[in-house]
Amino acid sequence: MAFTTEPGADGDHVTYCRVCEAFCGMVATVEDGKIVKVRPDRDNPHSRGHICVKGPALADVTYDPDRITRPMRRVGGPGEFEPVGWDEALDDIAARLSASVEKHGAQSFAMNSGNPPSMGWPSSMGTYLFSRAMECTKLYSPSSEDITSVVLATELMFGTHAFVFPDLVDCDHLLIFGSNPFVSHGSLIIAPRLKEDLTAIAERGRVIVVDPRRTETARKFEHLSIMPAGDVWLLGAMVQTLIAEGLHDGAFVAAHCTGWDELVAAIAWLTPEVAAPRCGISAEEIRALAREFVAVPRAAAMGRIGICRAPYSTLTNFYLHLLNVVGGKFHKRGGVGWGHGGTASDAQAKGPGQARHKRHSSRVSGQASVWGTQASLTFLEEMTTPGEGQIRSLLIVGANPVLSMPGGPRLPEGFTELDLIVAVDLYMTESSRYADYILPATTALEREDINQFFMNHMVRPFAQYVPAVVPPTGEARGEYEILRDLAVRMGRGAAFGNLTPFEMADAALQAGGERPDGLSLAKVKANLHGVMIERGRWAFDFEKRIGHEDGKIHLWCELMSGEGARLRAEPEPDPEALRLI
Ligand SMILES: Nc1nc2c(c(=O)[nH]1)N[C@H]1C(S)=C(S)[C@@H](COP(=O)(O)OP(=O)(O)OC[C@H]3O[C@@H](n4cnc5c(=O)[nH]c(N)nc54)[C@H](O)[C@@H]3O)O[C@H]1N2
Ligand SMILES: Nc1nc2c(c(=O)[nH]1)N[C@H]1C(S)=C(S)[C@@H](COP(=O)(O)OP(=O)(O)OC[C@H]3O[C@@H](n4cnc5c(=O)[nH]c(N)nc54)[C@H](O)[C@@H]3O)O[C@H]1N2
Ligand code: SF4
Ligand SMILES: [Mo]
C-alpha cells in the first residue's frame, strides 16, 4: 500500500497515537485536506494493529468546534476572551513577563506542564528549554500525583532516575501492585500489547494482581485483595520473610549492594504477623507469596499508581525494589531492570545522585522537590504567601491543574493574584479560563514527532518518526515554536541553541557506545512504520547504569530509615475505618 508523507495530502498517512505511553501505530486517511478516518497500523511492528478508542478520537479533537485555534486575550473576568494576532500576543506576553521577572526575580516565575505535551518530543523539549531559558525552578507537573515516589525510591536505591520495569517477554511469574493495565494500557512500562503479554505469562506461570478492587485485570488473572494503603506492610513483610528465611540472593547482594546489615536490622520487626492486620492478608499467605516469588527463576514484581498515592508511597516503592533486588530478580532474564532503548548511553541514563530530592524546597511548607518538580500541594501556598520568591507569573502548558491537582478547585484563589498567566492549550478549560492569554497548540496529528523520550522503558524497544498528518488547524502552532519564539522575544533565545529538536534527536540516536545496530534519524525515517531495536533486553552492563558514586545498589539509607521508624510507630488500624482507593 502506498502512503504519503506530505502533511495534508490526500491519501493514507502513517502516524502514531500520543495519548498514552503505548504509542500505538495508526493510519490516518486524508480526503480534501481533512482526516476522514483513523485506523490501526497493522504494519507497525511494535503495536501490530492495536489501538483503543482514544487514538482515532485525536481526529475528533483536531476538528472539534470547541477547540481554540486562534490566540485569545482575556478582556474581562475568567473565561471572557477575544481573538488577538500572534505577534501582538507574543509581544505583549514577552514585555509583561520580562517586567514581572525583572521586578520580582527569577523565582517568581512558575511553570505547570501537563501530560499531553510530555508525550511528544518537540513539545516536551519546548517546555524543558523554556524552563531553562527562564531559569525556572518552580516547575509543577502531574509528577506528584503520579510518579514522584517511584522516582525518589529509584534515586535512593540506584542513584538514577531511569525507571526499572519487568521483562514481560521472558517472565513466568508476575506480581502487579496497584495497576490496572487492561484499562490504562500501562504506565512506566511500554508494551502496546500488554494484555497479550500478561496472558502469555499466565499461560507459562502466574500473574497475581494485588488490588483492593476486583479490576478488569484482576478478573482475568489471580486477584489478591489488599486493604487500601496496605502495600507498604505486605511488601515490607515479604522482604522480611526472604531475609528471615535465608531465601535472598546472597551472591548478588555481596557483589552489587551496600547497606545489607542496616537493612537486615531495620526490617526485622516487620514480620508477616505484624503486617497481616494492616494489609488484610494472612501471615501464611504473605510467606507463601514471598517463597513462591523467589522459587521461580524468572519472576518479577511491578507496581504503579495504586501504590503511589497512599501514605509511605516512597517506602512502598523502595520495598518493591528490594523485593526484586534481594529476591534475586534484578537484571536477570524474566526479571526487572533498566531498558535498552535507542538513546540510552550509560552516561545519559545515570542520575545526579542522592542529594537531588532536596534541591528546591517550598519556601512555605518546606516540601522538597523531586526530579526537579515541586509537590502540587505547594502550588497554592507559593502563589498566596507574600515574600521573596512568591509566584507572580505562570505558564501552563497542556495541564488542567484545577481538575488534576489535589486542592485544585482552590487554585483560582492564587491565579487571580498573579501579574500574568499564559496557557498553551487546545481548549478553554477550568484552568485556562483564568489565563490572560490562551495560545492555541497543535494536536498530535498536526505535528511531526519521534518517540525519543520513551524508548528506555519499552519492553521491546522501538523507534518511530512520523511527519504531521495535516497542517495546523486555524492559527494553531506547536508548543516548541510558541515557546522558542517567546524566549527569543524576551532576549532569552540562546537556551534553545542552534539545533532543531530533530537534530538533537539525531545526535542522541547516534551517540552512545553500546549500539552495534547504529541508529540515526535517517535510519528511523527510512522505516515509515517504525523500527524495532533488536538488541536483547539485558545486553548491557547494568553496573554502569548505577548512579551512586560507589557503583553499588543501596539497600538502605537514612531517609528510608526514618520512614521505616515512622511506619513502626503507626497505631493499630481501626478495623471500622472507611478507606478510599
Ligand atoms: N483510559 C485511560 N487510560 C489511562 C489514563 C486515563 O486517564 N484514562 N491515564 C494514563 C496515566 S496519566 C497514567 S499515570 C496511567 C495509570 O495507570 P495505572 O497505574 O494502571 O492506573 P489505574 O488504572 O488507575 O490503576 C490503579 C489501580 O490501583 C488500585 N489501587 C488503589 N489504591 C490501592 C492501594 O492502596 N493498593 C493497591 N495495591 N492498589 C490500589 C486501583 O483500584 C486501581 O485498580 O494510566 C494511563 N492510561
Ligand atoms: N482525581 C484524580 N486526579 C488525578 C489523577 C486521578 O487518577 N484522579 N491522575 C493524576 C495523573 S496520573 C496525571 S498524569 C494527571 C494529569 O493531569 P493533567 O496533565 O493536568 O491533565 P490532562 O487532562 O491529561 O491534560 C491537561 C490539558 O492538556 C490539554 N491538551 C490536550 N492535548 C494537548 C496538546 O497536544 N497540547 C497542549 N498544549 N495541550 C493539550 C487539554 O485540553 C487539557 O486541558 O492527573 C493527576 N490527577
Ligand atoms: S492504548 Fe494509548 S497509545 Fe494506544 S490508541 Fe489507546 S490511547 Fe493511544
Ligand atoms: Mo499519569
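For ligands, and for the atoms within them, numbers begin at 1 and follow the listed sequence. We use all heavy atoms of the structure for the numbers below, so side chains are in, but hydrogens, waters and symmetry mates are not.
- Each of the following atoms of ligand 2 lies closer than 4.0 Å to a heavy atom of Ala441: 36 (N), 37 (C), 38 (N).
- Those atoms of ligand 2 with a heavy atom of Gly114 less than 4.0 angstrom away are 19 (O).
- Proximity of Glu430 to ligand 2, defined as any heavy-atom pair under 4.0 Å, is not found for any part of the residue.
- When heavy-atom distances to ligand 2 are checked against a 4.0 Å cut-off, Asn400 comes that close through both its backbone and its side chain.
- Contact atoms of ligand 2 toward Asp146: 12 (S), 14 (S) (distance under 4.0 Å to a heavy atom of the residue).
- Ligand-side atoms of ligand 2 in range of Asn115: 14 (S), 19 (O), 24 (O), range being under 4.0 angstrom from any heavy atom.
- In terms of protein heavy-atom proximity, atom 33 (C) of ligand 2 is closest to Pro116 CB, 3.4 Å.
- Taking every heavy atom of Leu426 and a limit of under 4.0 angstrom, the matching atoms of ligand 2 come to 31 (C), 32 (N), 33 (C), 40 (C).
- Protein heavy atom at the shortest distance from atom 18 (P) of ligand 1 is Ser184 OG, 3.5 Å.
- The ring of Phe23 has its center no closer than 6.0 angstrom to the ring center of His46.
- The six-membered or imidazole ring of Trp121 lies away from that of Tyr128, with a centre-to-centre distance of 6.0 Å or more.
- For Arg447, every heavy-atom contact with ligand 2 shorter than 4.0 Å involves the side chain, none the backbone.
- Contacts between Ile305 and ligand 1 below 4.0 angstrom, taking non-hydrogen atoms only, involve backbone and side chain alike.
- Not a single N/O/S atom of Cys20, whether from backbone or side chain, sits less than 2.8 Å from atom 8 (Fe) of ligand 3.
- A salt bridge links Arg48 with Glu196; the closest basic N to acidic carboxylate O contact falls under 4.0 Å.
- Ligand-side atoms of ligand 2 in range of Thr442: 35 (O), range being under 4.0 angstrom from any heavy atom.
- Between the Trp86 side chain and the Arg477 main chain, no donor and acceptor come within less than 3.5 Å of each other.
- Among all non-hydrogen protein atoms, the one lying nearest atom 43 (C) of ligand 2 is Asp425 OD2, 3.8 Å.
- Between the Asn451 side chain and the Gln464 main chain, a donor and an acceptor come within less than 3.5 Å of each other.
- Atom 4 (Fe) of ligand 3 lies at 2.8 Å or more from every N, O or S atom belonging to Cys52.
- With a heavy-atom cut-off of 4.0 Å, Val61 does not touch ligand 2 at all.
- Of all protein heavy atoms, the one lying nearest to atom 13 (C) of ligand 2 is Pro142 CB, 3.7 Å.
- Among all protein heavy atoms, the one lying closest to atom 26 (C) of ligand 2 is Gly398 O, 3.3 Å.
- Only backbone heavy atoms of Ala229 (N, CA, C or O) come within less than 4.0 Å of ligand 1; its side chain stays farther off.
- The proximity of Thr217 to ligand 1, defined as any non-hydrogen pair under 4.0 Å, does not occur for either the backbone or the side chain.
- Under the 3.5 Å distance criterion, the side-chain polar atoms of Asn112 are matched with a main-chain donor or acceptor of Tyr140.
- If you check which protein heavy atom lies closest to atom 11 (C) of ligand 2, you get Arg309 NH2, 3.9 Å.
- Of all atoms in ligand 2, numbered sequentially from 1 with element shown, those under 4.0 Å from a heavy atom of Tyr427 are 42 (O).
- Protein heavy atom at the shortest distance from atom 36 (N) of ligand 1 is Asp231 OD1, 2.6 Å.
- Per-atom contact check: atom 15 (C) of ligand 1 touches the protein, criterion being a heavy-atom distance below 4.0 Å.
- Ligand 3 places these atoms under 4.0 Å from at least one heavy atom of Phe23: 3 (S).
- If you check each of Ser404, Gly126, Ser113 against atom 3 (N) of ligand 2, the one with the closest non-hydrogen atom is Ser404.
- Summary of contacts: the protein heavy atom closest to atom 37 (C) of ligand 2 is Glu479 OE2, 3.2 Å.
- For ligand 1, the atoms closer than 4.0 angstrom to any heavy atom of Thr215 are 44 (O).
- Between His185 and His50, the gap from one ring centroid to the other is short of 6.0 Å.
- In this structure, atom 6 (C) of ligand 1 has no protein heavy-atom contact shorter than 4.0 Å.
- Counting the atoms of ligand 2 from 1 in the order shown, those under 4.0 Å from a heavy atom of Thr429 are 44 (O).
- The protein heavy-atom contact nearest to atom 1 (N) of ligand 2 is Leu403 O, 4.9 Å.
- Aromatic pair Phe502/Tyr465: ring centres closer than 6.0 Å.
- Within the structure, the closest approach of Pro212 to ligand 1 falls below 4.0 Å when heavy atoms are considered.
- Within a 4.0 Å radius of atom 46 (C) of ligand 2, the protein contributes one or more non-hydrogen atoms.
- Residue Arg566 qualifies as enclosed at atom CZ: its count of foreign heavy atoms under 6.0 Å is above 12.
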